[in-house]
Protein chains: 2
Amino acid sequence: MQLNQSTDYAFRAVLHMASLPAGCVVTGAAMAGQQMIPPRFVLKIMHMLSKAGIVSSHRGTGGGFSLAKPAEEISLYDVIVAMEGELAIHRCLGERNSCNKHCTEECPVHATLGRLQDQLIEGLKSTNFGALARERVDREQRSHYRE
Amino acid sequence: MQLNQSTDYAFRAVLHMASLPAGCVVTGAAMAGQQMIPPRFVLKIMHMLSKAGIVSSHRGTGGGFSLAKPAEEISLYDVIVAMEGELAIHRCLGERNSCNKHCTEECPVHATLGRLQDQLIEGLKSTNFGALARERVDREQRSHYRE
DNA sequence: AGTATACTATACCGGAATAGTATTGATTTG
DNA sequence: CAAATCAATACTATTCCGGTATAGTATACT
């Protein structure tokens, strides 16, 4: 019951771009280096984010990736869905009939899990990378003043 | 990001026992049949639940499994931990240092995920099988009256 | 034009985890 | 002692995960 490694990498990549001035273009190699993402793997991840409309890509010399929309409009949930598809903490809550008991309607366990899942998704949707990036900058500034 | 199939089976098994009069002993085979759990697999699951102190086992003729404590004292979270270990929706929130960025302290993504995880776990802990079983009985009675 | 840069798209691969089966053995009851 | 039933563990087939490799395409600079 864990998010994938790739999703974590994707979080890093998006946060990285969200921390730069809007519209900034970064190469995959640069991101791999700074965010500790395997150099080849980063391309696969960016590709998925790009297909999901979260980042846009620019080819050729001076190319790279940039956010496809304001960081405020990208939520944790958006990135998760881009990398893993819709979140379903329990099989039955994802695809119907994956449950061989076919009890989706009557089962109180499923009902409870469904409620908790909704609450989790709500929390993930209400956190955007604009806020997250600002949080980090704030902290960096604070720690700068402390020194 | 999904609970295991085994965990679902475990939910069924515990709910099954919670729906019977307290102290009832059921054989693995019976549970497998009624809850649509592969007959051999059910033993493995009961074994894990037994090691976790959720059910107790009775060998020999007339033996089987029963709940080791009142259904009210068994939460969804207890069963999840018995089957999969402590819940961690994100690597870094489980074992420290699994994150090659070592950013557990500063990373706002981790902070947010941590908060959401706590909320989820809280919800799972506050749901017990006594209540779940009663919910089901209620519903069965309601549907009985309707007919 | 030609070349270097950088992404696109997809195929491939090894290792771990899942889901489930099988086997041998230990207890308990009758 | 025999039958029932769980204990413990080994085994297996398949899928998923994390990551690599490669061949190709678009862009920019000279």
Side-chain angles (χ1 to χ4, degrees), chain A residues 1-13 17 24-33 35-66 68 80 83-85 88 90-91 94-95 98-100, chain B residues 1-13 17 24-33 35-68 80 83-85 88 90-91 94-95 98-101:
Chain A
M1 173 88 170
Q2 252 177 17
L3 293 170
N4 290 343
Q5 181 67 56
S6 341
T7 305
D8 184 36
Y9 290 152
F11 286 155
R12 296 185 201 179
M17 287 185 282
C24 251
V25 174
V26 199
T27 68
M31 233 158 353
Q35 297 298 323
M36 311 290 285
I37 306 173
R40 302 280 182 149
F41 203 37
V42 79
L43 289 178
K44 197 179 206 166
I45 289 156
M46 299 315 289
H47 188 205
M48 296 178 81
L49 292 175
S50 157
K51 278 199 295 189
I54 293 174
V55 307
S56 30
S57 65
H58 315 274
R59 300 213 264 197
T61 313
F65 303 91
S66 61
I80 293 176
M83 301 304 293
E84 319 194 357
H90 190 274
R91 283 175 162 66
E95 32 172 333
S98 65
C99 173
N100 60 6
Chain B
M1 173 88 171
Q2 251 178 15
L3 294 169
N4 290 342
Q5 181 67 55
S6 341
T7 305
D8 185 36
Y9 290 152
F11 285 155
R12 296 185 202 178
M17 288 186 283
C24 251
V25 173
V26 200
T27 68
M31 230 157 356
Q35 298 298 323
M36 311 291 285
I37 305 172
R40 303 279 182 148
F41 203 38
V42 80
L43 288 178
K44 196 177 207 166
I45 289 156
M46 299 316 290
H47 188 206
M48 295 179 82
L49 291 174
S50 158
K51 277 198 296 190
I54 293 174
V55 308
S56 29
S57 65
H58 315 273
R59 301 212 266 197
T61 314
F65 302 92
S66 61
L67 292 184
I80 292 176
M83 301 304 294
E84 321 194 353
H90 190 271
R91 283 174 162 67
E95 32 172 336
S98 64
C99 173
N100 60 5
K101 260 192 79 194

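Order of the sequence lines sets the chain letters (A, B, ...), proteins ahead of strands, with each chain counted from 1. Remember, it's a predicted structure, so these values are computed and weren't measured experimentally.
Summarising the geometry, the separation between CD1 on Ile45(B) and P on dA7(D) is reported as 13 Å, rounded to the nearest angstrom. At whole-Å resolution of the value, CE in Met46(A) and P in dT8(C) are 9 Å apart. For the pair Gln5(A) CD and dG15(C) C1', the computed distance is 15 Å after rounding to whole Å. In this structure, CZ of Phe65(B) is placed 13 Å from C1' of dA4(D), rounded to the nearest angstrom. Rounded to an integer number of Å, the gap from Met1(B) CE to dC16(D) P is 18 Å. Here dA16(C) presents its C1' atom at 14 Å from CD of Gln2(A), a figure rounded to the nearest Å. Met48(A) has its CE atom 14 Å from the P atom of dG19(D), to the nearest Å. The nearest whole Å value for the distance from the CG atom in Leu43(B) to the P atom in dA8(D) is 12 Å.
With hydrogens and angles ignored, a donor-acceptor pair closer than 3.5 Å exists between the side chain of Lys44(B) and the base of dG20(C).
Residue His47(A) has a polar side-chain atom (N or O) positioned under 4.0 Å from OP1 or OP2 of dA9(C). In terms of phosphate contacts, Thr27(B) brings no side-chain nitrogen or oxygen within less than 4.0 Å of OP1 or OP2 of dC6(D). Proximity of Ser57(B) to the phosphate of dA7(D): a side-chain N or O atom is located under 4.0 Å from OP1 or OP2. Remark: Ser6(A) is in phosphate contact with dG18(D), judged by side-chain N or O atoms under 4.0 Å from OP1 or OP2. Regarding contacts with the backbone of dG18(D), every side-chain N or O of Tyr9(A) stays at 4.0 angstrom or more from both OP1 and OP2. Within the 4.0 Å cut-off from OP1 or OP2 of dA19(C), at least one side-chain nitrogen or oxygen of Arg91(A) is found.
Between the two ends of the helix from dA1(C)-dT30(D) to dG30(C)-dC1(D), each summarised by a five-pair axis, the helix axis turns through 10° (rounded to 10 degrees).
Summarising the geometry of Thr27(A) relative to Gly63(A), their closest heavy-atom pair is CG2-O, 3.6 Å, with the distance given to 0.1 Å. Across all non-hydrogen atoms, the minimal contact from Pro39(A) to Ala32(A) is CA-CB, 3.7 Å. Across every non-hydrogen atom of Ala88(A) and Gln2(B), the tightest pair is O-CG, 2.6 Å. The shortest non-hydrogen separation linking Ser66(A) to Val25(A) is CB-CG2, 4.1 Å.
A residue-by-residue look at Thr61(A) and Ser50(A) shows that Thr61(A) has its nearest nucleotide of DNA chain C further toward the 5' end. Of the two residues contacting DNA chain D, namely Arg59(A) and Asn4(A), the nearest-nucleotide position lying further toward the 5' end is that of Asn4(A). The 5' end of DNA chain D is approached more closely, in terms of each residue's nearest nucleotide, by Leu3(A) than by the other of Leu3(A) and Gly60(A).
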Going through the distances and angles, do Ser57(A) and Met46(A) end up as a side-chain contact (heavy atoms from CB on, under 4.5 Å)?
CA-CA 8 Å; Ser57(A) 65; Met46(A) 299 315 289; over 6 Å; no
Candidate pair Val55(A) and Met17(A), rule side-chain contact (heavy atoms from CB on, under 4.5 Å), full reasoning
CA-CA 9 Å; Val55(A) 307; Met17(A) 287 185 282; 3.4 Å; yes
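Of the candidates Val42(B), Ile45(B), Asn4(B), Tyr9(B) forms a side chain to side chain contact (heavy atoms under 4.5 Å, CB included) with just one, namely Ile45(B).
Side-chain contact between Leu3(B) and Phe11(B) is present, with at least one heavy-atom pair separated by less than 4.5 Å.
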